[in-house]
S.K.: 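This is the structure I have questions about; it appears just below.
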Amino acid sequence: QVQLVESGGDLVQPGGSLTLSCAASGSIFSISSMAWYRQAPGKQRELVAIAFNIGLTKYGDSVKGRFTISRDDAKNTVTLQMNSLKPEDTAVYFCNAWVNSRIRGEDSVNQYWGQGTQVTVSS
């Protein structure tokens, strides 16, 4: 089993900044992608940012220019630097990863989710 643990969620004022972190642990050979999703009350879960193993990153339209995703393959971690936060950024943020690991003696590629961390942007 691979586990993803997020941290960094907090209450911040509009225009403020916040950094989220996610650490993957377990029997990991490689990680194809690490991403951040978010889900606000009454809305579907949406992609915030994703970083692939080839160095490519992509962002959701609503956060382009404000958020930055960065991964450290040596530590199996990913961070999300959030700047110029808006009230509409309020949501539970989830870490996601596609992981190549060894389960029960066999190679396996699976998707994993963290438990989420709450980000609230309000004055």
S.K.: Are M34 and Y112 grouped together when hydrophobic residues (ILVMFWY) are joined by side-chain heavy atoms under 4.5 angstrom apart?
M.R.: yes
S.K.: To the nearest 0.5 Å, what is the distance between CE on M82 and CG on L18?
M.R.: 4.0 Å
S.K.: If hydrophobic clusters are built from ILVMFWY residues whose side chains come within less than 4.5 Å, do I103 and V99 share one?
M.R.: yes
S.K.: With rounding to the nearest 0.5 Å, note down the distance linking CG in D72 to OG1 in T77.
M.R.: 4.5 Å
S.K.: Could you tell me how the ring of F94 sits relative to the ring of W113: parallel (under 30°), tilted (30 to 60°) or perpendicular (over 60°)?
M.R.: perpendicular
S.K.: Donor-acceptor pair, E46 side chain versus R38 backbone, under 3.5 Å?
M.R.: no
S.K.: Looking at side-chain heavy atoms only, is the closest gap between Q118 and T90 below 4.5 Å?
M.R.: yes
S.K.: May I ask you to check whether over 12 heavy atoms, not counting those of E88, lie within 6.0 Å of atom CD?
M.R.: yes
S.K.: With hydrophobic residues grouped by side-chain heavy-atom distances under 4.5 Å, do V12 and L20 end up in a single group?
M.R.: yes
S.K.: Write down the atom of D89, the atom of S84, and the distance for their closest heavy-atom approach.
M.R.: OD2-O, 4.4 Å
S.K.: What's the separation between atom OG in S32 and atom CD in Q111, rounded to the nearest 0.5 Å?
M.R.: 11.5 Å
S.K.: Is it possible for you to say whether V78 and I28 belong to one hydrophobic cluster, with membership spreading through side-chain heavy-atom contacts below 4.5 Å?
M.R.: yes
S.K.: So does I69 get a backbone contact from the side chain of Y59, meaning a donor-acceptor N/O pair under 3.5 Å?
M.R.: yes
S.K.: Compare every heavy atom of E6 with every heavy atom of Y93, then report the nearest pair and how far apart it is.
M.R.: O-OE2, 4.0 Å
S.K.: Identify the heavy atoms of D107 and F29 that sit nearest to each other, and give their distance.
M.R.: OD1-CE1, 3.1 Å
S.K.: Write down the atom of A49, the atom of L80, and the distance for their closest heavy-atom approach.
M.R.: CB-CD1, 4.1 Å
S.K.: When rounded to the nearest 0.5 angstrom, what is the spacing between CD in Q81 and OG in S21?
M.R.: 9.5 Å
S.K.: What's the shortest heavy-atom distance between C95 and L4, and which atoms?
M.R.: O-CD1, 3.7 Å
S.K.: Considering all heavy atoms of both residues, which atom of R71 and which atom of F52 are nearest to each other, and what is their separation?
M.R.: NH1-C, 3.2 Å
S.K.: For S123 and Q13, run side chain to side chain donor-acceptor pair (under 3.5 Å): C-alpha distance rounded to whole Å, both residues' side-chain angles, the deciding distance at 0.1 Å, then the answer.
M.R.: CA-CA 5 Å; S123 59; Q13 295 183 343; over 6 Å; no
S.K.: Decide yes or no for L85 and F67: does some side-chain heavy atom of the first lie under 4.5 Å from some side-chain heavy atom of the second?
M.R.: yes
S.K.: I31 and I54: same hydrophobic cluster, using ILVMFWY side-chain contacts below 4.5 Å?
M.R.: no
S.K.: Nearest 0.5 Å, what's the CG-OG1 distance between N83 and T68?
M.R.: 6.5 Å
S.K.: Report the distance from atom OG of S27 to atom CG of N100, rounding to the nearest 0.5 Å.
M.R.: 11.5 Å
